[in-house]
There are 2 protein chains.
Amino acid sequence: MKRNTWQREAVRTALTTSEGFVSAQVLHSHLRDQGSPIGLATVYRALSSLESEGEADTLQQDGESLYRACTPGTHHHHLICRTCGKTVEISADPVESWAQKVAAENGFTQAEHVVDVFGTCAECSAALAEPGRVV
Amino acid sequence: MKRNTWQREAVRTALTTSEGFVSAQVLHSHLRDQGSPIGLATVYRALSSLESEGEADTLQQDGESLYRACTPGTHHHHLICRTCGKTVEISADPVESWAQKVAAENGFTQAEHVVDVFGTCAECSAALAEPGRVV
DNA sequence: GGCGGTTTTGACAATCATTATCGATAAGCG
DNA sequence: CGCTTATCGATAATGATTGTCAAAACCGCC
């Protein structure tokens with residue numbers, strides 16, 4: 001049976017209030033800063049649980065897993081600022097059908113795909129374009 | 001100055017003759033099996049070197065990096081069998097333009113993207129569909 | 001409210017890929 | 001051939017993640 005613990009809620013909340021993608025370690029630190037005595041292992045477990053339930057998205061970067069809360073049940077992708085980490089959820093219908101078509105043409109079944117777009121958001125672009133204005 | 005060592009050549013060759021994506025560890029084992037006394041650290045160095053020179057593609061899976069030789073200089077994506085690891089290079093022109101458009105619409109610049117399609121290839125689909133025929 | 005069976009937690013150890021270290025080796029050049 | 005220095009390789013170090021297991025928390029039920 002699946003149980004309802006305040007720890008799982010705490011992780012879900014912390015994830016929801018985070019701006020972009022966060023690592024398990026960072027999320028754990030945040031929770032500790034807020035006074036939660038939650039354990040690191042529990043954060044890892046809660047995150048993978050949330051992921052398999054479709055309440056969180058994940059991506060790998062530099063050999064660590066980053067997580068982000070997202071609308072449950074919907075399939076979508078992300079546009080991520082590589083400087084400030086801001087994340088925009090994007091729908092990618094044309095890509096969905098393209099992926100299915102390509103897979104089918106090569107005899108592949110059960111196609112899944114990983115699609116993420118990294119870029120520099122307007123603010124960060126502006127900041128980087130101004131040589132005189134150091135942050 | 002950049003030097004030419006047989007070790008780098010060995011890694012490049014081993015990568016080229018591999019079927020799909022391979023991990024650094026596996027590649028190292030293969031080289032050892034073939035009689036090379038090459039060191040593990042060297043394989044890692046050679047692989048990241050090849051990657052930054054555009055002679056190899058890389059992707060992260062389960063917290064480990066997988067590499068594959070690919071045509072230098074060309075931009076493309078992969079269709080990967082999640083069972084046998086077979087890899088097909090695919091061009092994704094519609095996705096390229098879609099990614100650029102989406103990035104631009106959200107004010108993002110310098111857009112890069114990660115696009116990989118995982119599936120089960122025809123052979124593996126057939127194998128899995130036959131409960132009686134265990135491999 | 002109290003009880004029992006089970007799940008979950010949490011501190012810590014273990015694991016595993018990758019990276020750093022550093023003396024030894026050998027590539028390229030004159 | 002000898003020198004300079006990039007590269008190698010064995011091993012230690014790192015760091016994220018997972019396993020372990022006793023103690024505590026949760027839930028349905030009485």
Side-chain angles (χ1 to χ4, degrees), chain A residues 1-15 18 20-53 55-69 80 82 85 114 116, chain B residues 1-15 18 20-53 55-69 80 82 85 114 116:
Chain A
M1 177 200 311
K2 188 98 173 206
R3 292 183 182 173
N4 233 351
T5 61
W6 63 265
Q7 285 96 337
R8 193 182 301 265
E9 260 326 296
V11 170
R12 195 204 312 271
T13 305
L15 197 61
S18 293
F21 278 83
V22 285
S23 70
Q25 312 262 350
V26 167
L27 203 64
H28 177 239
S29 304
H30 286 176
L31 284 163
R32 283 304 185 90
D33 290 346
Q34 291 164 23
S36 270
I38 194 171
L40 178 57
T42 305
V43 174
Y44 275 101
R45 279 186 290 240
L47 283 176
S48 44
S49 160
L50 286 173
E51 185 205 340
S52 60
E53 290 167 26
E55 298 194 53
D57 273 350
T58 180
L59 65 85
Q60 328 270 120
Q61 199 175 55
D62 293 324
E64 71 178 347
S65 296
L66 304 181
Y67 294 87
R68 182 167 198 279
I80 303 147
R82 73 167 68 83
V114 178
D116 284 302
Chain B
M1 176 201 312
K2 188 101 175 200
R3 291 183 184 173
N4 233 352
T5 61
W6 63 265
Q7 285 96 337
R8 195 182 300 266
E9 255 334 288
V11 170
R12 195 202 312 270
T13 304
L15 197 61
S18 293
F21 277 83
V22 285
S23 70
Q25 313 259 351
V26 167
L27 202 64
H28 177 239
S29 303
H30 286 178
L31 284 163
R32 284 303 186 90
D33 290 347
Q34 292 164 22
S36 269
I38 194 171
L40 177 58
T42 305
V43 174
Y44 275 101
R45 279 187 291 240
L47 283 176
S48 45
S49 160
L50 287 174
E51 184 206 339
S52 60
E53 290 166 26
E55 298 193 52
D57 274 349
T58 179
L59 65 84
Q60 325 272 119
Q61 199 176 53
D62 293 323
E64 71 177 348
S65 296
L66 304 181
Y67 294 87
R68 181 168 199 280
I80 304 147
R82 70 167 71 82
V114 178
D116 285 303

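All values derive from a computational prediction rather than experimental measurement. Within every chain, numbering begins at 1; the chains are lettered A, B, ... in the order of the sequence lines, protein sequences first and strands thereafter.
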Checking side-chain hydrogen bond (donor to acceptor under 3.5 Å, both in side chains) for the pair A:S49/A:R8: CA distance, chi angles, key distance, verdict? CA-CA 9 Å; A:S49 160; A:R8 193 182 301 265; 2.6 Å; yes
Rounded to whole Å, how long is the line connecting atom NE2 of B:H28 with atom C1' of D:dA10? 11 Å
Would you say A:I80 and A:L59 make side-chain contact, with heavy atoms under 4.5 Å? yes
Please round to 10 degrees the angle between the axis of the first five pairs and the axis of the last five pairs in the helix from C:dG1-D:dC30 to C:dG30-D:dC1. 40°
Side chain to side chain contact (heavy atoms under 4.5 Å, CB included) between B:W6 and B:S36, intermediate numbers included: CA-CA 10 Å; B:W6 63 265; B:S36 269; 4.1 Å; yes
Going through the distances and angles, do A:L15 and A:L47 end up as a side chain to side chain contact (heavy atoms under 4.5 Å, CB included)? CA-CA 9 Å; A:L15 197 61; A:L47 283 176; 4.1 Å; yes
Gap between atoms CG and C1', on B:D62 and D:dT18 respectively (whole Å): 13 Å
Looking only at side-chain N and O atoms, does A:Y44 come under 4.0 Å of OP1 or OP2 in D:dT18? no
Can you tell me how far P of D:dT20 sits from CG of A:L40, to the nearest Å? 17 Å
Interatomic distance where CD belongs to B:E51 and P belongs to C:dT19 [whole Å]: 10 Å
Side chains of A:Q25 and A:Y44: any donor to acceptor distance under 3.5 Å? yes
Given DNA chain C, 5'-ward residue of the pair A:G39 and A:M1, judged by closest heavy atom: A:M1
Near DNA chain C, which residues from residues 3-11 of chain B have a heavy atom under 4.0 Å away? B:R3, B:N4
Give the rounded distance in Å between these two atoms: CG of A:L66 and P of D:dT17. 8 Å
Would you kindly compare A:A41 and A:Q25 by the position of their nearest DNA chain D nucleotide and give the one closer to the 5′ end? A:Q25
Any side-chain heavy atom of A:L50 sitting closer than 4.5 Å to one from A:R12? yes
Return the value, rounded to whole Å, for the distance between atom CG of B:L47 and atom C1' of D:dC8. 15 Å
Report the distance from atom CZ of B:R45 to atom C1' of C:dT25, rounded to the nearest whole Å. 13 Å
State whether B:S65 places a side-chain N or O below 4.0 Å from either non-bridging phosphate oxygen (OP1 or OP2) of C:dT18. yes
In this structure, how many angstroms lie between the C1' atom of C:dA11 and the CD1 atom of A:I38, rounded? 14 Å
Out of the candidates B:L40, B:D33, B:V11, only one should pair with B:H28 under the side chain to side chain contact (heavy atoms under 4.5 Å, CB included) rule; please name it. B:L40
